[in-house]
Amino acid sequence: NLMLESPSGDLRIGNQTGTQLTPDTKNNTEVIEVANPQPGKWKLRIVGSNVPQGPQDYAIVMSGDAT
């Protein structure tokens, strides 16, 4: 599960629909799109929901202007 916290503390969940913060435990590819990100420190968390034997590899892809 992919979770992103904004500098102001707002939480977004991967593949979120609407305002409900329910993790997507069915898909292994998740997306969070931020149209107008606020400046500051963002926190990204990856949380495994079903990892019988770890560790499990993962990859993160980001596009846009990040400084």
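These numbers come from the heavy atoms of this one structure, side chains and all, not from hydrogens, waters or symmetry mates. Everything quoted here is computed from the prediction, not taken from an experiment.
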Run the side-chain hydrogen bond (donor to acceptor under 3.5 Å, both in side chains) test against E30 and tell me which residues pass, sequence neighbours left out.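 Once residues adjacent in sequence are excluded, E30 has no partner under the side-chain hydrogen bond (donor to acceptor under 3.5 Å, both in side chains) criterion.
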Any residue meeting side-chain hydrogen bond (donor to acceptor under 3.5 Å, both in side chains) with Q53, in chain and number order, not counting sequence neighbours: none
If you group Ile, Leu, Val, Met, Phe, Trp and Tyr by side-chain heavy-atom gaps below 4.5 Å, do L2 and I60 land in one group?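 In one cluster with L2: I60, yes.
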Where G14 and D24 come nearest, the two heavy atoms and their spacing: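 So the minimum-distance heavy-atom pair works out to O-CB, 3.9 Å.
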For the side chain of N27 and the backbone of T29, is there at least one donor-acceptor N/O pair under 3.5 Å apart? no
Counting only pairs under 3.5 Å, give me each side-chain donor-acceptor contact of residues 32-46, with atom names and distances, residues two or more places apart or in other chains.
from	atom 1	to	atom 2	distance (Å)
Q38	OE1	S8	N	3.4
Q38	NE2	S8	OG	3.3
W42	NE1	Q38	O	3.0
R45	NH2	E5	OE1	3.0

To the closest 0.5 Å, what do you measure between CG (N1) and CG (N28)?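 Nearest 0.5 Å value for the CG-CG distance: 11.5 Å.
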Could you give the distance from CD (Q16) to CG (L11), rounded to the nearest 0.5 Å? 7.5 Å
